[in-house]
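What you see below is based on every heavy atom in this structure, not just the backbone, and it leaves out hydrogens, waters and symmetry mates. The structure displayed is predicted, hence computed values, not measured ones.
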Amino acid sequence: MAAIDLEIWTPAIPVLNNTKPFQQIPFLFCLFDGKNKLEYFTEHQQDERKSFAIELIKKTEAYQSLLVYDKSMEEQCIHQLALLFPDLKAELKMVGEKLIDISNLFKKLAIYNYQFQNSFTLKSIASVLTPQIEFKGIKSGLEAMNYFENLRASSNPIEKEILKQDILSYCETDVEAVLALYEHIQSLPNKKPQQ
């Protein structure tokens, strides 16, 4: 079992061939199983969606379950990749079927704490239940996308690397938080998510 998070880029003006305005283009995924951190990052100087899909399949094949917080975006990205690359459709479908969304336990109020203040974002929940996870730097997927735009536009290799590390740190913290939340849920009596 591992936690997974994807980051996407949605340029208003298509930059890559065969893309549409505001199309979701995944550029990063991070995996964390409690010991190992795996990731794949592409700058998309050319269309690298197929490489992204292949790496996603390879790096997740060892895991029977993939924990995620609100799987709608991940599911949509995987579905779009499967449509784009029919030769990878079966493998990508298997990746999608492994996703376990832990956010439903909070959104359906199976687990609630007044400190959530009716906010059910990953950061709101994790800040209360798993305070050992510190969220620093980038605050949202939209901000991560802006960092990615700046990275692609920069010609300074040092600046590009700093931006890349900031984006990676954001994604890695999210998967750490998802796994920590799952472990917290598992420690609660009668609150274990179904596999």
Side-chain angles (χ1 to χ4, degrees), residues 2-32 37-63 66-99 101 103 121-123 135 137-178:
I4 188 168
D5 187 42
L6 274 66
E7 300 301 328
I8 60 166
W9 172 44
T10 59
I13 299 172
V15 177
L16 303 178
N17 290 336
N18 302 315
T19 59
K20 301 173 183 176
F22 300 107
Q23 183 170 339
Q24 292 182 339
I25 301 168
F27 67 87
L28 169 65
F29 68 80
C30 291
L31 280 167
F32 181 53
K37 288 182 181 177
L38 302 172
E39 70 222 11
Y40 181 76
F41 181 94
T42 175
E43 200 174 313
H44 280 301
Q45 291 302 332
Q46 55 188 357
D47 188 350
E48 296 184 54
R49 287 177 291 173
K50 186 155 194 178
S51 297
F52 186 96
I54 290 169
E55 287 300 315
L56 181 63
I57 292 164
K58 282 183 185 175
K59 286 186 164 61
T60 58
E61 64 186 356
Y63 301 105
L66 299 170
L67 303 172
V68 67
Y69 196 92
D70 193 351
K71 67 180 181 178
S72 56
M73 190 269 288
E74 280 79 7
E75 278 187 329
Q76 190 171 9
C77 282
I78 292 167
H79 178 69
Q80 287 179 1
L81 290 170
L83 291 176
L84 191 60
F85 307 113
D87 55 320
L88 300 176
K89 184 176 181 179
E91 292 93 335
L92 287 166
K93 183 180 178 186
M94 287 177 63
V95 174
E97 289 172 350
K98 293 179 183 182
L99 297 177
D101 189 350
S103 71
T121 66
L122 173 61
K123 288 163 186 62
F135 295 97
I138 297 173
K139 303 295 183 200
S140 69
L142 184 59
E143 191 177 350
M145 197 184 312
N146 290 335
Y147 272 57
F148 183 71
E149 287 274 8
N150 292 337
L151 181 151
R152 293 188 80 257
S154 177
S155 58
N156 183 321
I158 295 172
E159 181 184 23
K160 287 171 83 77
E161 185 59 26
I162 290 170
L163 290 166
K164 178 180 176 181
Q165 291 307 316
D166 286 345
I167 298 167
L168 284 170
S169 177
Y170 166 74
C171 192
E172 288 173 354
T173 302
D174 275 7
V175 291
E176 288 171 12
V178 169

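Glu48 contributes no side-chain N or O that, together with a main-chain N or O of Glu43, makes up a donor-acceptor pair within less than 3.5 Å. Side-chain N or O atoms of Lys98 include one that pairs as donor or acceptor with a backbone N or O of Tyr63 at under 3.5 Å. Under a 3.5 Å cut-off, the side chain of Thr173 and the backbone N or O of Ser169 do form a donor-acceptor pair. Of the possible polar contacts, none joining the Lys50 side chain to the Phe85 backbone as a donor-acceptor pair under 3.5 Å is found. Judged by distance alone, the side chain of His79 and the main-chain N or O of Leu92 form no donor-acceptor pair under 3.5 Å.
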**Message:** Applying side-chain contact (heavy atoms from CB on, under 4.5 Å) to Glu74 and Leu66, what does each step give before you reach the verdict?
**Reply:** CA-CA 11 Å; Glu74 280 79 7; Leu66 299 170; over 6 Å; no
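Residue Ile13 places its CD1 atom among 12 or fewer non-hydrogen atoms of other residues, nucleotides or ligands, all under 6.0 Å distant. Crowding of Lys93 atom NZ: a count of heavy atoms from other residues, nucleotides or ligands under 6.0 Å not exceeding 12. In Lys89, the NZ atom is not crowded: 12 or fewer heavy atoms of neighbouring residues, nucleotides or ligands sit closer than 6.0 Å.
Taking 4.5 Å as the limit, some side-chain heavy atom of Tyr170 sits within range of a side-chain heavy atom of Asp174. The shortest side-chain heavy-atom distance between Val15 and Ile25 does not fall under the 4.5 Å cut-off. The shortest side-chain heavy-atom distance between Ile8 and Thr10 falls under the 4.5 Å cut-off. Under the 4.5 Å side-chain criterion, counting only non-hydrogen atoms from C-beta, Phe52 is in contact with Tyr40. Side-chain contact check for Asp47 versus Asn17: every heavy-atom pair is 4.5 Å or farther apart. Leu16 is listed as a side-chain neighbour of Trp9, based on a closest heavy-atom distance under 4.5 Å.
Across every non-hydrogen atom of Lys20 and Pro14, the tightest pair is C-CG, 3.7 Å. Between Lys123 and Lys139 the shortest heavy-atom distance is CE-O, 3.3 Å. Counting all heavy atoms, side chain and backbone alike, Arg49 lies closest to Asn18 at NH2-O, 3.7 Å. Considering all non-hydrogen atoms of both residues, Val95 and Thr60 come closest at CG2-OG1, 3.5 Å. Between Cys30 and Leu168, the shortest heavy-atom distance links the atoms SG-O, 4.4 Å. The two residues Ile167 and Leu28 have their closest heavy-atom pair at CG2-CD2, 3.7 Å.
Atom CG of Leu56 sits about 7.5 Å away from atom CG of Leu31, to the nearest 0.5 Å. With rounding to the nearest 0.5 Å, the separation of CD1 in Ile138 from CD in Glu7 is 8.0 Å. How far CZ of Phe29 is from CG of Asp5: 11.5 Å, rounded to the nearest 0.5 Å. Here the CE atom belonging to Met73 is positioned 6.5 Å from the CD atom belonging to Gln24, to the nearest 0.5 angstrom. Atom-to-atom distance recorded for Cys171:SG and Ile4:CD1 is 8.5 Å, nearest 0.5 angstrom. To the nearest 0.5 Å, atoms SG (Cys77) and CD (Gln23) are separated by 9.5 Å.
A donor-acceptor contact under 3.5 angstrom links the side chains of Asp101 and Ser103, judged on distance only.
Below 30°, between 30° and 60°, or above 60°: for Phe41 and Phe148 the angle between ring planes is above 60°, a perpendicular geometry.
Of the charged side-chain nitrogens involved, at least one lies within less than 4.0 Å of a carboxylate oxygen, so that Lys37 and Glu176 count as a salt-bridged pair.
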